[in-house]
Amino acid sequence: MPDSIEAIIQALPYLLEGSLTTAGIVIGAMILGLSFGVPLAVAQAYGGSVTRRLANIYVWFFRGVPVLVLLFLFYFGLFNLIGLNLSAFTSAIIVLGLTSAAYQSQIFRGAIQSLPHGQLKAAKALGMNEFTAITSIILPQALRLSIPGWSNEYSIILKDSAVAFVLGTAEIMARTHFVASRTYEHLPLYMTAAVLYFILTWFGVRALLHLERKVRIPGYAVHQG
Amino acid sequence: MEFAPFLTEQIIPAFNRGLGNSMLLIVPSAIMGVVLGILAGTARAFGGPVLSRLAAWYAALFRGTPLVAQLFIWYFGLPNLGIYLSAYWASVIGFGMCSGAYHSEYIRGGLLSIRRGQLLAAQSLGFSTASTLRSIIIPQAFRRALPGCGNEIIYLIKYSSLAYIITFIELTGEAKILATRYFEFTEVFLVVGAYYLALVSLATWGLRVLERRLHIPGFGRT
Amino acid sequence: GEAPQEKKAEEAAPAAPAQAEAKSYINGIDANFPPFAFVDESGKPSGFDVESVNWIAEKMGFKVTHQPIDWDGIIPALLSNKIDFIASGMSITEERAQKVNFSMPYWIIKQVFVTKADAALSLDDMLKGKKTLGVQRGTSEAEWLKEKAAAEGWNFELRYYDSAPLAVEDVVNGRIDAAAMDDAPAKDATAKKPVKILGTFGMKEEEFGYATRKEDAELLAKLNEGLKLLMADPYWEELQVKYGLK
Amino acid sequence: MPDTTQPVLRIEGISKSLGGKQILDSVSLTLHKGELKVLIGPSGGGKSTLLQCINLLIQPDQGRIWLDSEEVHVSRKRDLYSFRQQVGMIFQDFNLFDHLRAADNVAIALRKVRGWSRRQATERAMAELERVGLADKAELYPAELSGGQKQRVSIARALAMDPKVLLLDEPTSALDPELVGEVLEVIRNLAAGGMTMLMATHQMSFARALAKEILFMEGGRLIEQGSPAKLLAPGAGTRTQSFCTRLWDVSEREHPAAPAGEIGPAGTC
Amino acid sequence: MPDTTQPVLRIEGISKSLGGKQILDSVSLTLHKGELKVLIGPSGGGKSTLLQCINLLIQPDQGRIWLDSEEVHVSRKRDLYSFRQQVGMIFQDFNLFDHLRAADNVAIALRKVRGWSRRQATERAMAELERVGLADKAELYPAELSGGQKQRVSIARALAMDPKVLLLDEPTSALDPELVGEVLEVIRNLAAGGMTMLMATHQMSFARALAKEILFMEGGRLIEQGSPAKLLAPGAGTRTQSFCTRLWDVSEREHPAAPAGEIGPAGTC
Ligand SMILES: Nc1ncnc2c1ncn2[C@@H]1O[C@H](COP(=O)(O)OP(=O)(O)OP(=O)(O)O)[C@@H](O)[C@H]1O
Ligand SMILES: Nc1ncnc2c1ncn2[C@@H]1O[C@H](COP(=O)(O)OP(=O)(O)OP(=O)(O)O)[C@@H](O)[C@H]1O
Ligand SMILES: [Mg+2]
Ligand SMILES: [Mg+2]
């Protein structure tokens, strides 16, 4: 298949450039998702009935509506309406980040709720207010337990960022389409894209696995693997 | 274009047809995903060196590559090996395998939160490793992983739309056909959005009921 | 829609401050539609439409950049001022004409069937021989085949693809017997894959035009005038030869 | 020594139902400054629930609580937090923070609640661990500690906050006799220093040795209270007395010939 | 009564390091049929670690174990599981299965390990709960039980499996005097029925009342062993003796005038 190999070599710099766009979107969206996801999870686990309901609605909406539709609604609709002239790249980060927050909140909530109640009690008994108890006792443990789920979310956004092409941000996948349409080397090019994604995922997941091991609490869990 | 007749004559019939097809995809692949996820997640945490390595590679491979690429390989790639899957089966297998990889990670997260004491107690009663996992560890880990697994099920509902790329026309496929034909993007996508929202709401509700039924006093809700 | 254009203008021509007054426009293209629009080896937009527009821009004294954008999002992007026009092998249809204005037609396109190079099937076999046909979903040929089949009692099965090249892929795989597509990309395909053009199948010919926003009469006028000049120029022939359209 | 004129903590009419069962039934008690009262009673009688209600870790269904004659209202968050800072608690099942080493378990509240610097807090934490004989285990996580070590960390954690009132839920259940002696000594010193304490325990020797008053709790009510001498006097005919002599019977039967002085009110009584 | 000719469980040279520290240092002991030995010693001495090593829940670094003169090999999974079925264990911190109600905590091993039907297993579980006075708590989850109730469920869970040998890690630490008496009675009956037991405890009355032999463990070694009468005799000069008299001192000081017979070897000794 010399043709396909030539096509791949030809396309590689172009695709690599796209992976920078992809990485930018992912990092932005993960950070945004984390900073919204944690408060959402806390609201769901410990909030009063109103906060909890609001958080539930947020999660329901952002998990319920396809990202593609959200991109359309925000980029062509809302942002235009309020005169917010954001680039496609920034818009993609915002929409993907807000969406990811909904998913991330469920991961954190699961972790928060797997901690026995006694520790929160102990924290309160020492006079900690809810905020301190949650930030210094609950979250440090819950976030540790969330790392595997978080790595899922990372690898999902990494690939979901491809939908951002409806706004015109040409990341890895869109670029792959372009080259494939021109050269008719679909399979080899998709394989190349898959390998690129795989490498990006692999690095991220490895880093998170490393983090997971590093912050593991000695003697705590059954599972040390 | 008038919206009302467009809605009732074009959108709704097409979407209802698509919805049926979507369900045919989602339900079997969700089940396959959960089962694979529990197996792979457990294997990663407790399988010996070989099994855990294998499971880790499975998870890395299927999480590491885009679902579209996986679908392409199941559908357009396997014919190179003389294996011809129908669009439907290529989709179900593709979704199930991918979903399982994600579930496995949530399950592993759940396993991390189980204290050693639970394992010790079971083993002291003579449980074999397999039955310790089956009766004691996994039931607890699954409960704790459930919110995460819920994410994956909802992703699956939404990703089921990718099946149109390998020619299995479900809800999104019908929507794209209508939208590109009539250029009524807003209308069509609002309606398709409503359909997905309904599906996801159903799933969210089901998951919440499940979570509540599986709730253990002393954990979770205060 | 002024602001983004100005920004683009600076990006496109930072070295030409004297020309700062020249209007600058963004052309949205479907980069999956060779030879009309695609991305070349160096990652730059290229193709028959792209080069035509470049020529027109130069003649009419405006600046242009080409923005690849998903076909699904291309009209919304136009309507919400993210791009200014679409010169990318867009067929002039009634539905589209309700949303956007079209320039004069500049190309006539025929729909053809593409089959395996060694297939020995006739057009009639395709329509009435219980065959499986692939189309790009959302295209006019897809719609036409579906409606005609119902009306004429043709008995083929339609399969919908994300793009025409993918349908060609499955022709090669043998999953479908033929792909229905525009003749220009079909020609492109025969050059690169073991497939052949079986011929047209009775669909009315279509015309391509450039699309602009309804309210943007100024740009439409410029495009129309530019097209007229281009089609009268020998460069028009040259382009057709370059992109294998002749 | 104890100044009994000034009630430090007072609760009145605390009731609580859980899972449809009445666990606490209108419990009232008063603790004066420097006083140590001991709460005893059968398993499941409601001792732990009562202690947690006093601290408002469990929301009582009914009842009122005063600290230094100020009533505590749950609704005023500020008040609640400062109340809890002044009322220390040692839990029956320790509830150590799993993600923190022993020293940090003790130091964290000093830093986050009292606002001490990390160094100051760690110094104090080390001093407290020293006091319970755990200086060399400061770097271990809860999962790496033995039962008795966990219990001692939880004692150190409560003491580090210098509370006014201390609620102790079986603080010596996992300790060996030597340590029981040491902890007893610590408690005695605290009492001498004016600390007010309420301790649930099964180890009656405590009650005898230290308490001014014993509260006997059964079925969610305080059914008897009085000085150890009164309630435990042989032949007093109290429920407390009969509760505490059960073990004696058992030992007696096994070694009928053993001198009473040696086996005596054996075990926990 | 005890048949001392036949060793049921024998361990030899068990050593274990954790976190770079030698926790167990070549521990050997033999249990004969129907025998009850008591393991005492200071907190952190290695008692819990030893018990868990015997059951192979912690993998010893060195040492061998025999049950009924058959050596136990970890590598043969089958053997290991059947060994553990025959050696019951009651944990210091209970380790109840969090997701199961009290009755299911007891029943689950009967169903999944012994293969009993759900009905049979539940019946047996209820009988065991009845024995420890918890019939009315069968439907509660561990988090809804009091400390003493949890401990009793863990006792019931171990007993339901009819083990040959029982390892008890402070089985009465959370129990009130009445229940201690009852559990003691249960243990006595088990011993009479030929059950072989090794019990770590801080409650010396147990040792006195029941044990044939006391093993004193400190720093990971068995440093003294012998009959209670021998080790605890006043003025025996043993480490055991001094270990157990610490509490005495404390009580003594408080009530210097109290008759020795009443306060006696108070509290835990
Ligand atoms: N959430 C709950 N639902 C139902 N019953 C509960 C719940 N929490 C506690 N209980 C019951 O309340 C009773 C009192 O428990 P508590 O822990 O206060 O007892 P205690 O006196 O401390 O006993 P112990 O001496 O065994 O520690 C117990 O019978 C327990 O089963
Ligand atoms: N994973 C570990 N890493 C380091 N040290 C450990 C670990 N696990 C246990 N230890 C130490 O081993 C020692 C023995 O613990 P063990 O639980 O056997 O004591 P114990 O005799 O049962 O004490 P107690 O009477 O307090 O229950 C303790 O000092 C403990 O800190
Ligand atoms: Mg209690
Ligand atoms: Mg221990």
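Any value given below was found using the heavy atoms of this structure, including those in side chains, with hydrogens, waters and symmetry copies removed. In this text, all values refer to a predicted model and were calculated from it rather than measured experimentally. Chain A is the first sequence line, chain B the second, and so forth, proteins listed ahead of strands; every chain is numbered from 1.
- Contacts between residues 48-57 of chain B and chain A, defined by a heavy-atom separation under 4.5 Å, are made by B:Trp57.
- Side-chain contact check for A:Ser114 versus B:Phe219: every heavy-atom pair is 4.5 Å or farther apart.
- In this structure, OH in A:Tyr197 is found 11.0 Å from OG1 in B:Thr65, a value given to the nearest 0.5 Å.
- Counting non-hydrogen atoms of neighbouring residues, nucleotides and ligands closer than 6.0 angstrom, the CE atom of A:Met191 reaches no more than 12 such neighbours.
- Note: A:Ile107 leads A:Ile107, A:Thr176, A:Leu68, A:Leu70 in heavy-atom pairs under 4.5 Å with chain B.
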Please tabulate, one pair per line, all N/O donor-acceptor pairs under 3.5 Å involving side-chain atoms of residues 74-82 of chain B, not counting sequence neighbours.
from, atom 1, to, atom 2, distance (Å)
B:Tyr75, OH, C:Arg159, NH1, 3.1
B:Tyr75, OH, C:Asp170, OD2, 3.1

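- Contact count versus chain B (heavy atoms, under 4.5 Å) is highest, among A:Thr201, A:Asn152, A:Ile147, for A:Asn152.
- B:His215 places none of its side-chain heavy atoms less than 4.5 Å from the side chain of A:Gln113.
- Only the backbone of A:Phe62 comes within contact range of chain B, with at least one heavy atom under 4.5 Å from a heavy atom of that chain.
- For chain B, the nearby part of A:Leu209 is the side chain; its heavy atoms alone come within less than 4.5 Å.
- Chain B forms the most heavy-atom pairs under 4.5 Å with one residue out of A:Ile156, A:Leu200, A:Leu115, and that residue is A:Ile156.
- Ranked by heavy-atom pairs under 4.5 Å with chain B, the first of A:Asp160, A:Ile199, A:Leu158, A:Val67 is A:Asp160.
- Distance check: B:Tyr106 OH to A:Ser151 OG gives 8.5 Å after rounding to the nearest 0.5 Å.
- For the pair B:Tyr102/A:Ser155, a side-chain contact is recorded, criterion being any heavy-atom separation below 4.5 Å from C-beta on.
- Between the side chain of B:Lys158 and the backbone N or O of A:Arg63, at least one donor-acceptor pair lies under 3.5 Å.
- A donor-acceptor pair shorter than 3.5 Å cannot be found between the side chains of B:Arg116 and A:Tyr220.
- Counting non-hydrogen atoms of other residues, nucleotides and ligands closer than 6.0 Å to CZ of A:Phe203 gives a total of 12 or fewer.
- Ranking A:Ala162, A:Gly110, A:Gly64, A:Ala193 against chain B, the residue ahead of the rest is A:Gly64, based on heavy-atom pairs under 4.5 Å.
- When heavy atoms are compared at a cutoff of 4.5 Å, B:Ile73 approaches chain A solely by way of its side chain, counted from C-beta outward.
- Both the backbone and the side chain of A:Val65 have a heavy atom closer than 4.5 Å to some heavy atom of chain B.
- Heavy-atom neighbours of chain A within the stretch residues 136-156 of chain B, taken at a separation under 4.5 angstrom, comprise B:Ile137, B:Arg144, B:Pro147, B:Gly148, B:Gly150, B:Asn151, B:Glu152, B:Ile154, B:Tyr155.
- Between chain A and the residues B:Ala69, B:Ala60, B:Ala59, the most heavy-atom pairs under 4.5 angstrom are made by B:Ala60.
- The salt bridge (Lys or Arg N to Asp or Glu O under 4.0 Å) analysis of residues 56-67 of chain B, with sequence neighbours excluded, yields the pairs B:Arg63-B:Glu105.
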Worksheet item: Run the side chain to side chain contact (heavy atoms under 4.5 Å, CB included) check on A:Trp60 and B:Ser201 step by step: do they pass?
Response: CA-CA 7 Å; A:Trp60 166 78; B:Ser201 306; 2.6 Å; yes

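- When heavy atoms are compared at a cutoff of 4.5 Å, B:Glu211 approaches chain A solely by way of its side chain, counted from C-beta outward.
- Atom NZ of A:Lys159 and atom OH of B:Tyr159 lie 7.0 Å apart (nearest 0.5 Å).
- Under the 4.5 Å side-chain criterion, counting only non-hydrogen atoms from C-beta, A:Arg216 is in contact with B:Leu112.
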